[in-house]
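Heads up, the thing below is written out as structure tokens.
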Amino acid sequence: MIFKCRHCDNNLGEPVLDLGNHPPSNAYLIKEQLDIQEVTYPLKLFVCNKCWLAQLPEYAKANELFTRDYAYFSSTSSSWCNHAKDYVEKAAKRFNLNKNSFVIEIASNDGYLLQYVEKLGIKCIGVEPTHETALEAEKKGIKTVKEFFGEKLAYRLKNENLIPETGVDLIVANNVLAHVPDINDFIKGAKFILKESGIFSIEFPHLLNLLINNQFDTIYHEHYSYLSLSFIRRLSRKFGLNLFDVESINTHGGSLRVWLSKDKKKDVSKNVFMILEKEKAFNIESIEIFRNLQLNAEKIKDNFLQFLLNSKIENDIVCGYGAAAKANTLLNFAGVKRDLIKFIVDNSPSKQNKYMPGSLIPILSADKLEKENIKKIIIFPWNIVEEISTSLKNKDIYTFIPNFKKW
């Protein structure tokens, strides 16, 4: 079957990474669903050799992945909330946002970021298609539109006076562009609601770090695209936006925060050219650079399985910490079940007492670790290992990406 690039419609060639068939990574199961056959989809990464967008075909539709009971709540991570607070304070100061300004966040989740916008007295609105997270935002007093964002919704936001007629001062799109099947439609919609003097910011995990650090577990069906700065500049130029600045940030294993505007005369920061040059030096726009992805992923899988099998032989119980989407990619790629990992703990009540998709490993609250005196713990969300490890005294803590490590 020939797939088309979601940006330029070019024919995609052979996949550069094949992780097998997986259920959606956030489709956590309740006990009554354990005997029902799960729906799985291929998890194969392709790279367009015309626009160089790394991507998954739309095996699963967005409304099948981001359902009413979508279980990811941003506020459960204190470090992520601190990141959001810092972002809001810096953006407000840099772009002189005040009570006369208007901010919109696309994929506003449970209001983790807009709560800080409101505290500054700045008018705002969120767009969030997953019902349960949107309800949490509304409990915080944040007006939320429960729909997927695109050009059609952008027109309605203006026509129904949900945003100012002149447009919004700041569009926040943190870790959402990768989740969008039609990125062209998304960017057109954002441009339509952006004030002529407005600013549009996008955060996304940097493809360069995925390649350098073997972060293949960040590949799952909810992530349709894997983004480089080179591609983002190409995308923004196509729709008449000026990428004038970029920051490297440490979230999600190394991300970029880009700043866009309609003002073509706005000076472009030297940071943009520095990161573009770094990508060029790595040869990121070549198929050859992706060739090692499969081999590296299989090496990590083998090390992971060897560790679990050796632990079982030694009668050591192994548990996991963090029922993250990246955990499901690793577990299902390796074919791990609860005979090798007894349970996984998570701080999110929405995941507790459910089961991991595919592996069917139970998800429990963190106090279970002490009750059962577990010593060996694998931290799956390795990007926040420092935050998690502070609560795990006298435990043997391990991560496997970018490589096997005992903390």
Side-chain angles (χ1 to χ4, degrees), residues 3-7 9 23-28 39 41 53 55-75 84 102-114 117 124-138 140 142-163 167-168 170-194 198 200-205 220-227 232 235-236 238-239 241 260 325 350:
F3 296 106
K4 298 281 189 178
C5 173
R6 66 171 38 88
H7 171 60
D9 209 37
S25 61
N26 281 292
Y28 300 94
V39 177
Y41 305 92
L53 175 63
Q55 58 197 281
L56 301 181
E58 196 179 350
Y59 293 115
K61 300 296 182 183
N63 59 3
E64 297 173 20
L65 300 174
F66 303 102
T67 56
R68 285 175 61 92
D69 58 350
Y70 187 69
Y72 179 76
F73 288 76
S74 297
S75 294
F102 197 97
V103 174
I104 184 170
E105 184 183 15
I106 304 169
S108 50
N109 200 263
D110 60 4
Y112 76 103
L113 184 143
L114 290 181
V117 175
C124 62
I125 191 172
V127 175
E128 174 53 56
T130 61
H131 189 77
E132 296 302 318
T133 57
L135 288 181
E136 286 300 311
E138 290 178 333
K140 296 181 175 78
I142 297 163
K143 186 176 179 64
T144 306
V145 178
K146 302 180 189 69
E147 294 184 36
F148 288 98
F149 181 81
E151 193 174 19
K152 184 177 179 180
L153 178 59
Y155 278 96
R156 191 162 70 77
L157 291 174
K158 268 197 178 183
N159 291 339
E160 296 182 7
N161 299 315
L162 294 171
I163 62 172
V168 302
L170 175 65
I171 300 173
V172 183
N174 290 350
N175 295 291
V176 59
L177 190 60
H179 295 74
V180 176
D182 191 343
I183 55 177
N184 295 342
D185 178 71
F186 184 93
I187 296 296
K188 285 189 286 186
K191 182 183 179 183
F192 179 76
I193 62 172
L194 188 64
F200 178 19
S201 80
I202 306 172
E203 288 184 16
F204 54 89
Y220 40 90
H221 296 111
E222 289 89 333
H223 280 178
Y224 292 107
S225 302
Y226 302 82
L227 306 164
I232 292 295
L235 176 68
S236 58
K238 178 173 181 176
F239 296 106
L241 293 169
L260 310 173
S350 65

Measuring from [X]:[atom1] to [Y]:[atom2], what's the distance to the nearest 0.5 Å?
X    : Y    : atom1 : atom2 : result
L260 : I171 : CG    : CD1   : 9.0 Å
F186 : K191 : CZ    : NZ    : 15.5 Å
I232 : L227 : CD1   : CG    : 4.5 Å
E147 : R156 : CD    : CZ    : 4.0 Å

>> Does K158 qualify as a cation-pi partner of F192, given the criterion of NZ or CZ under 6.0 Å from the six-membered ring centre and within 45 degrees of its axis?
In response: yes
Close side-chain approach of [X] and [Y], heavy atoms under 4.5 Å:
X    : Y    : answer
F200 : L170 : no
I163 : F102 : yes
K146 : L135 : yes
E203 : V172 : no
L53  : S225 : yes
I193 : I104 : yes
K143 : L162 : yes
L235 : L241 : no

> Does NZ belonging to K152 count more than 12 external heavy atoms closer than 6.0 Å?
Replying inline: no
When you measure from the side chain of [X] to the backbone N and O of [Y], does any donor-acceptor pair fall under 3.5 Å?
X    : Y    : result
D110 : A137 : no
H221 : Y41  : yes
R6   : N184 : no

> Can V103 and V168 be said to form a side chain to side chain contact (heavy atoms under 4.5 Å, CB included), step by step?
Replying inline: CA-CA 6 Å; V103 174; V168 302; over 6 Å; no
For residues [X] and [Y], is any side-chain donor paired with an opposing acceptor at under 3.5 Å?
X    : Y    : value
N109 : E128 : no
E105 : Y112 : yes
E132 : S350 : no

> After noting the C-alpha distance and the side-chain angles of V180 and F149, does the key distance pass the side chain to side chain contact (heavy atoms under 4.5 Å, CB included) rule?
Replying inline: CA-CA 9 Å; V180 176; F149 181 81; over 6 Å; no
Please give me the minimum heavy-atom distance between [X] and [Y], naming the atom from each residue.
X    : Y    : answer
Y220 : S25  : CD1-OG, 3.3 Å
Y226 : L56  : OH-CD1, 3.8 Å
G189 : A154 : O-CB, 3.4 Å
P24  : E222 : C-OE2, 4.2 Å
S201 : N174 : OG-OD1, 4.4 Å
T144 : E138 : O-OE2, 3.6 Å

>> Before you tell me yes or no, could you show the steps for F148 and V127 under side chain to side chain contact (heavy atoms under 4.5 Å, CB included), namely the whole-Å CA-CA distance, both residues' side-chain angles and the distance that decides it to 0.1 Å?
In response: CA-CA 7 Å; F148 288 98; V127 175; over 6 Å; no
